[in-house]
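Please read through the structure below; I'll follow up with questions.
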Amino acid sequence: AATTDALADELRRIPMLADLAAADLAWIADACAVRTLAAGDELFAQGAPAEWMYLGLAGTLETRRAGAPPGAPVYAFGAGEIFGALPFSRMQTFPAAGVATSAARVACFPRARFPA
């Protein structure tokens, strides 16, 4: 419960979640797995199933598409943002790899929980 409460407090800093009731934030936090990444670590691979919605807690990440010039980002995201498979999105696979450009922490909410 203490871990869920701490994560719920972090999630409240995300503008899209700031106005949610405490019970709703706790439900989201309880469903999330938290990933800690070092710069250069991959959060998701290009072509991987889009089974997660990511909630940026700290740091920055960017997407990189195979065959693009080295370091050319497709999309950058970070703390305070929501990215990945958003609710009711048609995206089935990630069109690019998600790579940390700094130390980062991301809460991963499973797409399977979207209907709830």
What is the minimum heavy-atom distance between Arg113 and Phe109, and which atoms define it?
-> CB-CZ, 3.5 Å
Which atom pair, heavy atoms only, marks the closest approach of Arg64 to Gln46?
-> O-OE1, 3.7 Å
Between Glu81 and Gly78, the two heavy atoms sitting closest are OE2-N, 2.9 Å
Hey, are the side chains of Leu43 and Trp52 touching, using non-hydrogen atoms and a 4.5 Å cut-off?
-> no
Specify the closest pair of heavy atoms between Cys32 and Ala107, including all atoms of both residues, with the distance to one decimal.
-> SG-CB, 4.0 Å
About how many Å separate OG1 of Thr4 and CG of Leu25, when rounded to the nearest 0.5 Å?
-> 11.5 Å
Under 3.5 Å donor-acceptor pairs involving side-chain atoms of residues 91-104, not counting sequence neighbours:
unit_1, atom_1, unit_2, atom_2, d
Gln92, NE2, Arg90, O, 3.3
Thr101, OG1, Thr60, O, 3.2
Thr101, OG1, Thr60, OG1, 2.6
Ser102, OG, Thr60, N, 3.0
Ser102, OG, Thr60, OG1, 3.3

Is the ring centre of Tyr54 less than 6.0 Å from the ring centre of Phe77?
-> no
May I have the list of side-chain donor-acceptor pairs in residues 6-14 shorter than 3.5 Å, sequence neighbours left out?
unit_1, atom_1, unit_2, atom_2, d
Glu10, OE1, Arg105, NH1, 3.2
Glu10, OE1, Arg105, NH2, 3.3
Glu10, OE2, Arg105, NH1, 2.4
Arg12, NH1, Ala18, O, 2.7
Arg12, NH1, Leu20, O, 3.0
Arg12, NH2, Leu20, O, 3.2

Heavy-atom donor-acceptor pair, Arg35 side chain to Cys108 backbone, under 3.5 Å | no
Do Ile28 and Leu55 come close enough that some side-chain heavy atom pair is under 4.5 Å?
-> yes
Between OG1 of Thr36 and CG of Leu57, what distance do you get to the nearest 0.5 Å?
-> 8.5 Å
